[in-house]
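These notes concern the structure reproduced below.
We name chains A, B, ... by the order of the sequence lines, and we start the count at 1 in each one.
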Amino acid sequence: ENGKKAKKRKQEYEDEEEEEEERSTDGSKWKFLEHKGPVLAPPYEPLPGHVRFFYDGKLLRLSAPAEEVATFFAKMLDHEYTTKEMFRKNFYKDWRKEMTSEEKSKITDINKCNFTEMSEYFKAQSEARKQMSKDEKLKIKEENERILQEYGFCVMDNHKERIGNFRIEPPGLFRGRGDHPKMGMLKRRIRPEDIIINCSKDSKHPKPPQGTRWKEVRHDNKVTWLVSWTENIQGSIKYIMLNPSSRIKGEKDWQKYETARRLKKCVERLRAQYREDWKSKEMRVRQRAVALYFIDKLALRAGNEKEEGETADTVGCCSLRVEHIKLYSKMDDQEYVVEFDFLGKDSIRYYNKMPVEKRVFKNLQLFLENKQPEDDLFDRLNTSILNKHLQELMDGLTAKVFRTYNASITLQQQLKELTSPDESIPAKILSYNRANRAVAILCNHQRAAPKTFEKSMQNLQTKIDEKQKQLSATRKQLKGAKTEHKASHDDRSKKMVEVKRKAVQRIEEQLMKLQMQATDREENKQIALGTSKLNYLDPRISVAWVKKWDVPMEKIYNKTQREKFAWAIDMAEEDYEF
DNA sequence: TCCTTGACTTGCGATCAGAAAC
DNA sequence: GTTTCTGATCGCAAGTCAAGGA
């Protein structure tokens, strides 16, 4: 019965797709698109006169442009960033460009600049904001809501859709991740003249602010963005696009998982293939095969080349260098161990030791021959070569599909393995989180341990201890009630026993729930679950699991997540198989 | 074939707002 | 009512990958 219903629902969903399918055949993403344009960053408000800047101990009044950039620095004064040489150097260089010639001649050493009054002023401001009355806070909230209603939605074809980021990024200082050569540089203010609007011809076009004009208004329905501008740090393009709950994002997401499911069907064939290729006469084929093995087995990212000096030095699979791996023919009781140690996306460290097959090991030794530490491990390979190869093996296959596939299949397996039918709901949720955690570990999704981790752990432990005490007290009472009932055999005492029995049971449940929470939190100290949940795990697996075990959906997905995964919640029944 | 550009996804930390504790 | 804590949301940087031009 359920299966039938699911099929019917799925069919309906697909029918609906088909109705609007015509758009995708020619690559067009929409027919009609209307929106109000972006919300620009608020103009700069000069500091009040009493907030002073000192240079070399002497008061110096800055021109508005120089002052604005100085406030960006002042706002970050408490951050470690501002102590870094590179950050200070880049900031100072860009700041000078905003100074008048007089300022330039006076200010010659950033170390003689004193931003503390500015910094104190901003701290006081944010303190004051916290202290605002309820009414004032409400007013701000209402104003935000109004802006959201006006600018936060667009009409795409026949649907009103939520826009993801409708505010233009305000000017400020660029903060890269890791050891970024451009940290501290000035991110300039984006004006209407920098902005390209994309909407349909027959829509009401967004109006630029009085006295300004857009850089361009175009009508390109081959793309999904509404607004774009070029950012000045890397020269890359930034976009305003729709919210993940939108039809256009949801469909794309669905497609992504369908591609991963197609990989599931042929992954064994591909594995056999790359194992075969380890023996190839051609170096490029061997390298490709070993790289693919890493991508499959360790869920490494593809690893595009990056322009040196433009970004932090990070790598993925294809861009691994000799210095990033170490080979041990024997380590402890294992043979042929490869040790990985490199900075990946966002300069997050990837550290792992993995025993590999002898053939892989021998290949790696070969790849390392006569190379310097800074040489590429896979010198005959790049992401473009790899992806072209993958495309030949399966339509739509690229390196990142392996991450999606391995993440989703791992979740499904782990859920099967960890969920026991008769455990309580909190225990089931712990199992779910553990399955999710296995994936996060596979994908190396880390986080800095929360600053308040130790404290919050202690708080939880205190609660557990209290609950423990409460439990033994209540147990004692139960025992007492039983004794009394044995003596008196009356109805009142019988009732009392029942009441106490229930109380014990309730407290036991509460205690267990707390203990589950503590375990979960402890295990999750340095692991970030969000990224995999949002980007790698086929939501239908979770939906099916929730339905199978009668776990409330909101224990697994919060409101935004339910919105994003609406398509899956609608589509999957408890028998869904990834 | 190489290099650049453009569009889109993925990723972390910061900040915010509401719930819980006091 | 006020303060503290926590999960949700935001902000925006940093990846992937395809296409187009040299």
Side-chain angles (χ1 to χ4, degrees), chain A residues 27 29 41 76 79 81 126 129-131 133-134 137 140-141 144 164-170 172 174-178 180 182-183 187 196 198 220 222-225 228 230-231 233-244 248-249 252-253 255-256 295 301-307 310-312 314-319 343-348 382-388 390-391 396-404 407 440 443-453 455-456 459-460 462-463 517 521 528-536 554 557-561 563-564:
Chain A
K29 309 278 169 65
M76 302 171 77
H79 203 288
Y81 273 119
S126 84
R129 226 167 310 141
K130 276 185 215 152
Q131 299 302 323
S133 72
K134 252 190 185 155
K137 281 184 183 165
I140 291 172
K141 203 179 158 191
N144 283 338
N165 55 324
F166 52 88
R167 288 173 202 276
I168 298 278
E169 294 171 20
F174 174 80
R175 318 141 93 114
R177 310 258 169 86
H180 197 116
K182 297 194 170 185
M183 61 169 81
K187 242 173 64 164
I196 302 174
N198 193 33
D220 182 357
K222 301 279 192 288
V223 297
T224 66
W225 54 267
S228 78
T230 302
E231 150 274 339
I233 304 289
Q234 323 270 0
S236 65
I237 309 170
K238 299 255 179 163
Y239 304 92
I240 289 181
M241 291 184 189
L242 297 193
N243 187 274
I248 206 155
K249 294 284 186 194
K252 200 77 191 295
D253 210 33
Q255 259 180 39
K256 175 179 77 183
I295 285 172
R301 296 188 186 81
N304 285 310
E305 301 101 298
K306 306 169 67 180
E307 218 174 329
E310 293 292 299
T311 59
T314 63
V315 298
C317 184
C318 294
S319 51
L343 297 183
K345 182 177 179 180
D346 291 315
S347 294
I348 298 292
N382 61 41
T383 53
S384 163
I385 295 170
L386 179 65
N387 279 334
K388 268 184 197 130
L390 292 176
Q391 186 60 236
L397 185 62
T398 63
K400 83 187 184 82
V401 178
F402 280 89
R403 252 167 102 79
T404 312
C443 293
N444 199 39
H445 291 141
Q446 300 189 33
R447 61 166 182 179
K451 286 188 193 89
T452 54
F453 184 83
K455 202 171 158 214
S456 86
N459 288 348
L460 199 50
T462 313
K463 272 193 198 169
Q517 243 180 50
R521 195 175 294 180
L529 299 186
T531 300
S532 52
K533 204 178 209 176
L534 238 44
N535 299 301
Y536 288 104
E554 56 278 11
Y557 288 141
N558 68 31
K559 187 165 142 283
T560 1
Q561 291 164 342
E563 280 165 13
K564 168 166 176 165

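Within 4.0 Å (heavy atoms only), A/Ala312 reaches no atom of the nucleic acid at all. Among the heavy atoms of the strands lying under 4.0 Å from A/Ile348 are primed sugar atoms or P, OP1, OP2 only; no base atom is included. Within the nucleic acid shown, A/Ser384 has no heavy atom closer than 4.0 Å to any nucleic acid atom. Residue contacts shown for A/Glu231 are absent, as no nucleic acid heavy atom lies under 4.0 Å away. Within 4.0 Å of A/Lys388, counting heavy atoms only, lies no atom of the nucleic acid at all. No engagement by A/Lys182 is indicated, since no non-hydrogen atom pair under 4.0 Å with the nucleic acid exists.
Between A/Tyr536 and B/dG11 there is a side-chain polar atom (N or O) within less than 4.0 angstrom of OP1 or OP2. Considering only side-chain N and O atoms, A/Asn387 lies under 4.0 angstrom from the phosphate OP1 or OP2 of C/dC17. When the side-chain nitrogen and oxygen atoms of A/Lys559 are compared with OP1 and OP2 of C/dA8, none of them lie within a distance under 4.0 Å. When the side-chain nitrogen and oxygen atoms of A/Asn304 are compared with OP1 and OP2 of C/dG15, none of them lie within a distance under 4.0 Å. One finds a side-chain N or O of A/Arg301 lying less than 4.0 angstrom from the OP1 or OP2 phosphate oxygen of B/dG11. Proximity of A/Lys306 to the phosphate of C/dA14: no side-chain N or O atom is located under 4.0 Å from OP1 or OP2. For B/dA17, the OP1/OP2 oxygens have no side-chain nitrogen or oxygen of A/Lys137 closer than 4.0 Å. Side-chain nitrogen and oxygen atoms of A/His79 include at least one within less than 4.0 Å of the OP1 or OP2 phosphate oxygen of B/dA14. Of the side-chain N and O atoms in A/Thr314, one or more sit less than 4.0 angstrom from OP1 or OP2 of C/dG15. For A/Lys238 and C/dA13, the shortest distance from a side-chain N or O to OP1 or OP2 is below 4.0 Å. Taking side-chain N and O atoms only, A/Arg403 has a distance below 4.0 Å to OP1 or OP2 of B/dG11. Within the 4.0 Å cut-off from OP1 or OP2 of C/dT2, not a single side-chain nitrogen or oxygen of A/Lys130 is found. For A/Thr224 and B/dC8, the shortest distance from a side-chain N or O to OP1 or OP2 is below 4.0 Å.
Residues A/Thr383 and A/Asn558 both approach DNA chain C. Their nearest nucleotides, taken by heavy-atom distance, put A/Asn558 toward the 5′ side. A residue-by-residue look at A/His180 and A/Ala399 shows that A/His180 has its nearest nucleotide of DNA chain C further toward the 5' end.
In this structure, A/Asp346 contributes its side chain and A/Ile348 its backbone to no donor-acceptor pair below 3.5 Å. Between the side chain of A/Tyr536 and the backbone N or O of A/Ala440, no donor-acceptor pair lies under 3.5 Å. No donor-acceptor pair closer than 3.5 Å links the side chain of A/Gln446 to the backbone N or O of A/Ala528.
A/Thr314 and A/Lys306 form a side-chain donor-acceptor contact under 3.5 Å, judged by distance and modelled atom types alone.
By the 30° and 60° cut-offs, the orientation of the rings of A/His180 relative to A/Phe174 is perpendicular.
A search for ring-ring contact (aromatic ring centres under 6.0 Å, His included) contacts involving A/Phe166 returns nothing, not counting sequence neighbours. A/Asp220 meets the side chain to side chain donor-acceptor pair (under 3.5 Å) test with no other residue; sequence neighbours excluded.
Comparing atom distances between the A/Arg167 side chain and each of B/dC8, C/dG15, C/dG11 picks out C/dG11 as nearest. Distance from the side chain of A/Asp346 is smallest for B/dC12 among the nucleotides B/dC12, C/dC12, B/dT10. Across B/dT9, C/dC12, C/dT16, the shortest atom-to-atom separation from the side chain of A/Lys252 is found for B/dT9. Side-chain atoms of A/Ala302 lie closest to C/dC17 of the nucleotides B/dT10, B/dC8, C/dC17. Which of C/dC17, B/dC8, C/dG15 sits closest to the side chain of A/Lys29 comes down to B/dC8.
Between the side chain of A/Lys345 and the base of B/dT10, a donor-acceptor pair under 3.5 Å is found.
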Identify all pairs in which a protein N or O lies below 3.5 Å from an N or O of nucleotides 18-22 of chain B, and state each distance.
| residue | atom | partner | partner atom | Å |
| --- | --- | --- | --- | --- |
| B/dG18 | OP1 | A/Lys141 | NZ | 3.4 |
| B/dA21 | OP1 | A/Lys463 | NZ | 3.3 |

